[in-house]
Amino acid sequence: MKILVLNCGSSSLKYQLFDMENEAVLAKGLCERIGIEGSKLKHQPACQDDVIFEDYLEDHDVAVKKVMEALTNPEYGVVKSMKEINAVGHRVVHGGEYFAGSVIIDDAVKDALEKCSELAPLHNPANLIGIAACEKLMPGVAQVGVFDTAFHQTMPERAYLYAIPYEYYEKYKIRRYGFHGTSHRYVSEEAARMLERPYEQTKTITCHLGNGGSICAVRNGKSIDTTMGFTPLEGLVMGTRAGDVDAAVITFLMEKEKLTPQEMDNILNKKSGVLGISGVSSDFRDIEDASEHGNARAEAALDVFAYKVAKRIGAYAAAMNGVDCIVFTAGLGENSGSTRRLICDYLGYLGVHIDSYNNSLRGKAMEISASDSRVRVLVIPTNEELVIARDTKELLDK
Ligand code: ADP
């Protein structure tokens, strides 16, 4: 069975084609600047050189068509015809309270996704456009939706309710949803496998630390709390996102600086986080570099970031009445030993001890805790695309 996984953003489209016999990636690629001058497609077939097309990609229909041409091209394609592809799995950002798992997309699902668009105005409309493009260009091929929010639908009310008048939850569905669910699910399952423990009897704290970041408390295979909330703005300090801020700061600033809601939103989402504190960059590599060269604000940004992660780990250890395992994943979590060290240095009271040599390694799933550590600490590269392909296959097999 061959499954195409699509992740559509407002001006981008990422894809991976899987052969589910052995879960091998046959090809992957990225369309950038869809609908914007300078668009291009980078196609990366397995075992062959990358190919770059610089044709104008007017919209997502054109981009999907271009991807199909690349996948079936006699020279650098990986299938003879699109008929070989059995299904398409779509990454969908927001499933609201409608979806606690992946689903085959039909009209009712699309209606629900439209309703969720208000909750994720930057993401869900792009996901819907990708779905429509595939329906048009690959008629009759099953489409599956895999949601970033679904894994967190097991959060209890005490974790998802905000203490604002209840009528706003009823009227607008304002509550905490959580994101990165596909990643938290994947790495927590992998962690149980690596530790040879039953997933249903493990308390894991997963730290997805990339440009966006979130932490999840996974108790017995279920998300019971996570740091992102109504939107991916809540929680940790991120590349450009503020994370938790006293809500009064927002009204104060809007008044003082005469800001519109959109301007305020832009500051919190695009100009804050480690970029906002350091003034250097949103990329942790640049900030680590500046900090090493004595930039005090860069050092402060890293400190604020790590302190907050450590506090949340403590909070989730309390929420689960213990923790067996802490997992680091995503760009920063997988690659930055110094950030992992900064965080774990706060966790001595939990009995966390890091093995310096293993913590300096990169690029594979591994344990970085020392043999005397009471809590096991793992680094696991995330693979959201593989989860999407597996869910798609499972739904098709049914
Ligand atoms: P996204 O949230 O966009 O998917 P990623 O998971 O790809 O983000 O993470 C990207 C971030 O990871 C970069 O912005 C960078 O800050 C960080 N990162 C990647 N490699 C390293 C590294 N070697 N050292 C420190 N930070 C890194």
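Each ligand, and each atom within it, is numbered from 1 in the order the structure gives.
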Asks: How far does CE of Met320 sit from NZ of Lys203, to the nearest 0.5 angstrom?
Replies: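 Answer for the CE-NZ pair, Met320 versus Lys203, is 7.5 Å.
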Asks: Using a plain distance cutoff, I'd like to know if Asp283 has any nitrogen or oxygen under 3.5 Å from a nitrogen or oxygen of ligand 1.
Replies: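 Asp283 vs ligand 1: N/O contact under 3.5 Å present.
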Asks: Is Gly212 close enough to touch ligand 1? Criterion: a residue heavy atom under 4.0 Å from a ligand atom.
Replies: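 Yes; Gly212 lies near enough to ligand 1 that a heavy-atom distance drops under 4.0 Å.
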Asks: Would you check whether Phe284 has a nitrogen or oxygen atom less than 3.5 angstrom from a nitrogen or oxygen atom of ligand 1?
Replies: yes
Asks: So if I apply the ring-ring contact (aromatic ring centres under 6.0 Å, His included) rule between His94 and each of Phe147, Tyr177, Phe99, which one comes out positive?
Replies: Tyr177
Asks: Quiz question: by atom type and distance under 3.5 Å, do the side chains of Thr339 and Glu288 form a donor-acceptor pair?
Replies: yes
Asks: Look at atom 24 (N) of ligand 1 and say whether a protein heavy atom is found at less than 4.0 angstrom from it.
Replies: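 Yes, because at least one protein heavy atom sits under 4.0 Å from atom 24 (N) of ligand 1.
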Asks: What residue and heavy atom of the protein are closest to atom 3 (O) of ligand 1, and at what distance?
Replies: Asn211 ND2, 3.2 Å
Asks: So, regarding His208 and ligand 1 (criterion: nitrogen or oxygen to nitrogen or oxygen, under 3.5 Å), is there a contact or not?
Replies: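 No, there is no polar N/O contact under 3.5 Å.
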Asks: Glu334 near ligand 1, heavy-atom distance under 4.0 Å?
Replies: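 False for this residue.
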Asks: With under 30° as parallel and over 60° as perpendicular, where do the rings of Tyr166 and Tyr169 fit, or are they tilted in between?
Replies: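 Answer is perpendicular, since the angle exceeds 60°.
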Asks: Can an N or O of Gly331 be found at a distance shorter than 3.5 Å from an N or O of ligand 1?
Replies: yes
Asks: Using a 6.0 Å distance limit plus a 45 degree cone around the ring axis, check whether Lys308 lies over the aromatic ring of Phe305.
Replies: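 Cation-pi check for Lys308 and Phe305: fails.
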Asks: At a 4.0 Å threshold, what atoms of ligand 1 neighbour a non-hydrogen atom of Ser336?
Replies: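 Selected atoms, number and element: 24 (N), 25 (C).
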Asks: To the nearest 0.5 Å, what is the distance between CG on Asn359 and CD1 on Ile354?
Replies: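 Separation between the atoms: 6.0 Å.
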Asks: Does a donor on one side chain and an acceptor on the other come within less than 3.5 Å for Ser214 and His208?
Replies: no
Asks: What atoms of ligand 1 come closer than 4.0 angstrom to any heavy atom of Asn335?
Replies: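 The list of qualifying atoms is 19 (C), 20 (N), 21 (C), 22 (C), 23 (N).
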Asks: Should Leu332 be counted as touching ligand 1, given the test is an N or O pair under 3.5 Å?
Replies: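 Leu332 vs ligand 1: N/O contact under 3.5 Å present.
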Asks: Give me the residue, atom name and distance of the protein heavy atom closest to atom 27 (C) of ligand 1.
Replies: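 Ranking protein heavy atoms by distance from atom 27 (C) of ligand 1, first comes Arg285 CG, 3.7 Å.
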Asks: Let me see the working for Arg362 and Glu334 under side-chain contact (heavy atoms from CB on, under 4.5 Å), right down to the final yes or no.
Replies: CA-CA 7 Å; Arg362 255 202 232 165; Glu334 289 167 30; over 6 Å; no
